[in-house]
Amino acid sequence: MQGSVDAVNDRLGAMTHMVAAFSQQGFHLQATIDASRSQAAHSSSDLARMLTSTAQIHERMQEDGRHLEEIIRLSQYTERQHV
């Protein structure tokens, strides 16, 4: 009988060790997930800044294009005046 009790205790000890190991792996996995989420949040924030900057550059380019069109119109007008 004592042998059976010892065997059960040994199995319980082994199972407790396995549960502790799985728990430790779970903590590591959760830390990895948390770090990934944090990195994704930073990446998303960086992307948002880049998109805003790109939109601002595009607006400036459109404004520059309008100025160039106006310069061309004025230059054509000036040419016609001298002909």
Side-chain angles (χ1 to χ4, degrees):
M1 188 68 155
Q2 184 61 37
S4 290
V5 171
D6 289 340
V8 169
N9 282 337
D10 288 345
R11 292 282 293 168
L12 285 174
M15 290 173 80
T16 301
H17 180 71
M18 284 176 36
V19 168
F22 284 134
S23 178
Q24 188 65 28
Q25 288 177 347
F27 287 131
H28 288 304
L29 182 58
Q30 187 62 49
T32 301
I33 290 169
D34 291 344
S36 295
R37 284 182 179 158
S38 176
Q39 185 177 9
H42 288 303
S43 295
S44 178
S45 178
D46 290 343
L47 179 59
R49 280 193 297 276
M50 288 179 3
L51 289 172
T52 299
S53 177
T54 301
Q56 291 170 343
I57 291 169
H58 184 259
E59 287 174 15
R60 280 186 243 136
M61 289 176 70
Q62 285 181 321
E63 187 175 326
D64 289 347
R66 286 189 294 273
H67 288 141
L68 286 172
E69 288 173 353
E70 184 64 25
I71 289 169
I72 290 168
R73 276 195 296 276
L74 288 172
S75 125
Q76 290 171 343
Y77 174 78
T78 304
E79 284 179 16
R80 285 193 300 269
Q81 294 299 317
H82 287 102
V83 173

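These values consider heavy atoms only, across backbone and side chains, with no hydrogens, waters or symmetry-generated copies. All of these numbers come straight from a predicted model, not from anything done at the bench.
- With sequence neighbours excluded, the residues that form a side chain to side chain contact (heavy atoms under 4.5 Å, CB included) with L29 are I33.
- Note that the CE atom of M61 and the CG atom of L68 stand 10.5 Å from one another [nearest 0.5 Å].
- Put simply, CD on E79 and CD1 on I72 are 11.0 Å apart, with the number rounded to the nearest 0.5 Å.
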For residues 7-15, run the donor-acceptor check on the side chains, cut-off 3.5 Å, and write out each pair with its distance to 0.1 Å, sequence neighbours left out.
residue : atom : partner : partner atom : Å
N9      : ND2  : V5      : O            : 3.4

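- Heavy atoms from other residues, nucleotides or ligands lying under 6.0 Å from CZ of R37 number 12 at most.
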Candidate pair E70 and R73, rule salt bridge (charged side-chain N to carboxylate O under 4.0 Å, His left out), full reasoning: CA-CA 5 Å; E70 184 64 25; R73 276 195 296 276; 2.8 Å; yes

Output a table of donor-acceptor pairs, distance under 3.5 Å, between side-chain atoms of residues 39-55 and any protein atom two or more places apart or on a different chain; print 'none' if there are none.
residue : atom : partner : partner atom : Å
S43     : OG   : Q39     : O            : 3.0
S45     : OG   : R49     : NH1          : 2.9
D46     : OD1  : R49     : NH2          : 2.2
T52     : OG1  : A48     : O            : 3.0
T54     : OG1  : M50     : O            : 2.8

